[in-house]
Each structure stands twice: as structure tokens, then as C-alpha cells.
Number of protein chains: 2
Amino acid sequence: MQLTRERIITAAMELIERDGANAVSMRRIASELGTGVMSLYNYVPSRAALLDGVADQVMSSIELTIDPGASWEDQVRAQARAFQQIARTYPRCTMVVVSRPADSPATLRPVELALATFRSAGFGGEDAVRAVRAFIAYIVGSLVREVGVTPGLEPQRPLGQDPAILAADRPILNPAEFPQVTSLTAELMRRDHDADFEFGLDLLVRAVADLRPARRS
Amino acid sequence: MQLTRERIITAAMELIERDGANAVSMRRIASELGTGVMSLYNYVPSRAALLDGVADQVMSSIELTIDPGASWEDQVRAQARAFQQIARTYPRCTMVVVSRPADSPATLRPVELALATFRSAGFGGEDAVRAVRAFIAYIVGSLVREVGVTPGLEPQRPLGQDPAILAADRPILNPAEFPQVTSLTAELMRRDHDADFEFGLDLLVRAVADLRPARRS
DNA sequence: ACCTGAACACCGTTCAAGT
DNA sequence: ACCTGAACACCGTTCAAGT
């Protein structure tokens, strides 16, 4: 089968999702595709460029459906959730996306839509930009916290397993030094990423709503 | 000079800050310290453990001075800024911190303080936990956006340089497809991380303040 | 007991030789 | 022109031999 840039990127993504992200070596991708390593370089200039391609591919997969009837608050929420959805679909590719500068058309498309939403809600250009940045920071942080990977991009523990902030087998924390953490063990152990995400998202949406200048429509 | 775990971690941090973070190889650290590679393994079980040590070291360096006279809002702000300060002091180590699960005493200390602050402001345990998580997500996302590194942990461009969202030498975006992004080029190019951080931080603080139940004191 | 060189099974990428 | 094997300069870690 013909080697293409697209096939190489797809193979890289599958490899990342299957074996963790530091399993992405040019050599492994090549053997996955049944080619010699150097054949890849006819379609992709370097490993770094390949990972940029992976990030772009993931960003392009975000489904930004707009409901014109919804309030701007709900539109913002929907856009944020579409972003957050990456962690569900490509958990191990998430860090690749998050750790690359966002300046390709694929990454600017969600920015464009978010800016348009804030502007049509009545925000000025500068406030719209700042609001979008605040949401992006929150979403990116949520993604990072949710997938929790090593610098090598390999999930520390099997995905879905609890981060074990205070598991029984951990070195006991001194209750005198950590009164809150030890007394709130139950709350800290209970992780519901969706609920956590919605909680913070709601905070931001309502705070931004308070900023909004005079009505528009 | 005697090899110690501390000296190894310090050398790793210097190497990361000097040459970018994928310059951290066991071999480079060893040659930096004038030892054989394998000598390191008498003090550190693996490269991954070494990076955990680096993350711990950075987290321990956060200065969490508390001003008991300040409002709880200002205390939360001060704690968030102390966190954010990491990006200034150890820009290239930041991703190492951010990409590791936070369950060591060094990383739980700021959590403990934040929980105590919210609780003494009158929040219940569950709300305090959720608020702390929202702030952490925002701070982590801000750090990631600010240092902007590759999965290999190497800054894409010299630090301090503009991310060039829309630099003149980039492929021109279609203004019909990106009306907001193209018309807001000036705002998008102007990056003031401190101002951006304060903007979002203020949103969160005020939104959380609205949540607060009946007074306490 | 602590230390460490050699070796193993990997990397990304250059370069020159093949078609 | 497109393709690719050999080679180079790297990795982290095991293992066995040294002290």
C-alpha cells in the first residue's frame, strides 16, 4: 500500500494510543507500516514535524457544532466541552497537542469561533481575546490534569485508574502538618473529571458574564 | 567531590534550564559531574525517578508566605502567583513539574494551604476541594501556555520570543475564514503573560467568592 | 558494600548509493 | 525523481566484574 503523510500520521496516533506516547519512534512507525525507516522521511521532514502533524490531526477532529439558538454562555460551554472531549477520544495524544505552540489553521479555528462568540455577545476585541485565553488556560490545565502523563508522555498508571493522592499504601502524611489533606481524603480521592471540569467552567462563564458591557441585540 | 542524590538533581535542573529539557540524559548528567554513567544509579533508581526528584525540588522552592491580615481572596491570589512564579524561575523545568502526578508531600503542601484558606473563608470541604482543583487547572494551563514546549520538552523558540500567532512570515490566513483572528491580530500578538494570568485569576476569584456560603468569623 | 566498564537493545538523522 | 541500507552519534539500563 502506498505510503502517504496521512498514513504515517495515523500510524503514529495509533501507536501513541496503544503503547503510550514515547513508543512513537520513527523506527516503530516504519515497521508498523512495513517500510524502511528512511522511507518516512520522504513524507515527513522530522520526528518533530510528525508530532506537529499529529497535533493538527487531533485538533481538526474537534467537532464544533454551533447552535445559533443557544445563549452565548451555552455556546461557550459547548465549545469548551468539545475541546475537553479530546481527552476522552485521544487521551494519550492529548499531551502532544497541549505541548505544541498553537498557530496552525487547525488550532486557530476553535479560537476564531470562540472570539466570534464573545464578540457577538457584545465583548470588545481586547476582552474577547483575554477571555479566550483564560478559557484556553483552564481547558489545557484540565486536560493535563486528567491525562496525567510523564515528560516522556507515558501515562504513569493505567488510564482511568485513580491518581491515588492518598492511597492506603502511600507513606502516611503527618496529620499535624497536613490537617486539611488528611481530613479531606475522601473528597480528594473521589475524582470525577467531568464534574470537576463543569465546576470550573461554570465559574469562568459566570465571571465573564459579569464583565459583559451593555447589551447588543 | 562526593556524589549525592541532591547534586545529581541539581545538575539535572541546571542542564534542563541551560540546554532545554531533552538534553537531560543520564550520560550528560554524569559527564557534567565527572562520573561514569552507572555511578548515578547508586543514588537514583532510574531516569524517571530523577525527573520526579526534579519536580519535587521545584515544588519545594515555591515560597508560600502567608499574610494573615489579608482577605481570603488576596491570600488565594498570592498563592496562585507563587505557583505561577515557577515559570519565571525555572521556565524549562516547568513542564517536568506539570506532567507528573502530584502526590508527594512537596506538591501536597500548596494544596494543604489552599484548602485551609478556603475552609477558613467558610467553604465546606467538598467545595474547597473543587475550588482548589479549578485553580490548579487554571494555573497549570497558564504555565503550559507560557512556557510552550515540545513533547520532547524543548522550547520551540528562544524563550521570551513571541509565539508569532500571526507573524508576517506565516502563511496568510484567509480573512473570510478567520475574520476575528485576522482583525484581532494586534491583540493576539500582544502577549503579556502576567496581565493574562491576573485577568483569569481575577475571574476565578470573583466567581468563587459568589459561591461562598454564610459568613464565618 | 559500593562502584563502574562493557554490552545490549534501542534512538533520530545524514549520506551516499541504488532504482 | 524517488527510495532506502549502512553508518554515526546518541539513548537507558542490565549485568558482571572490580574494589
**Student:** State which of C/dC3, C/dT13, D/dT4 makes the closest approach to the side chain of A/Thr35.
**Tutor:** D/dT4
**Student:** Could you tell me how far apart B/Arg5 (CZ) and C/dC3 (P) are, to the nearest whole angstrom?
**Tutor:** 16 Å
**Student:** Would you indicate which nucleotide in D/dC11, C/dT4, D/dT4 comes nearest to any side-chain atom of B/Arg27?
**Tutor:** D/dC11
**Student:** For A/Gly200, does its backbone N or O pair with a side-chain atom of B/Arg133 as donor and acceptor, under 3.5 Å?
**Tutor:** no
**Student:** Give the nucleotide from the list D/dC11, C/dG12, C/dT13 with an atom nearest to the side chain of A/Ser25.
**Tutor:** C/dG12
**Student:** A/Met38 or A/Arg28: which one's nearest nucleotide on DNA chain C is closer to the 5' end?
**Tutor:** A/Arg28
**Student:** Send over the distance from B/Ile29 CD1 to D/dC11 P, rounded to a whole Å.
**Tutor:** 10 Å
**Student:** Phosphate oxygens OP1/OP2 of C/dT13: is one of them under 4.0 Å from a side-chain N or O of A/Tyr41?
**Tutor:** yes
**Student:** Given that both distances must come in under 3.5 Å, which nucleotide forms a Watson-Crick or G-U wobble pair with C/dT14?
**Tutor:** D/dA6
**Student:** Which whole-number value in Å describes the distance from A/Leu40 CG to D/dG5 P?
**Tutor:** 12 Å
**Student:** Is any side-chain N or O of A/Ser39 closer than 4.0 Å to OP1 or OP2 of D/dC3?
**Tutor:** no
**Student:** Starting at atom CG of A/Leu50, determine the distance to atom P of C/dC11, rounded to an integer number of angstrom.
**Tutor:** 14 Å
**Student:** Ignoring hydrogens and geometry, is there a side-chain-to-backbone donor-acceptor pair from A/Arg7 to A/Gln2 under 3.5 Å?
**Tutor:** yes
**Student:** Taking side-chain contact (heavy atoms from CB on, under 4.5 Å) as the criterion, tell me which of A/Leu3, A/Ile8, A/Ile9 meets it with A/Arg5.
**Tutor:** A/Ile9
**Student:** Between C1' on C/dA1 and CD on B/Gln2, what's the gap in Å once rounded to a whole number?
**Tutor:** 14 Å
**Student:** B/Met26 CE to D/dC10 P: how many Å, rounded?
**Tutor:** 18 Å
**Student:** Under a 4.0 Å threshold between the charged nitrogen and the carboxylate oxygen, would A/Arg92 count as salt-bridged to A/Asp19?
**Tutor:** no
**Student:** Consider the side chain of B/Asn42, meaning its heavy atoms from C-beta on, and name the nucleotide among C/dT13, D/dG12, C/dT4 that approaches it most closely.
**Tutor:** C/dT4
**Student:** Write down the distance between CG (A/Asn22) and P (D/dC11), rounded to a whole number of angstrom.
**Tutor:** 16 Å
**Student:** Walk me through whether A/Cys93 and A/Val54 qualify under side-chain contact (heavy atoms from CB on, under 4.5 Å).
**Tutor:** CA-CA 8 Å; A/Cys93 288; A/Val54 168; 4.2 Å; yes
**Student:** Tell me what B/Val24 touches on the nucleic acid: a base, only sugar-phosphate, or nothing, going by heavy atoms under 4.0 Å.
**Tutor:** sugar-phosphate
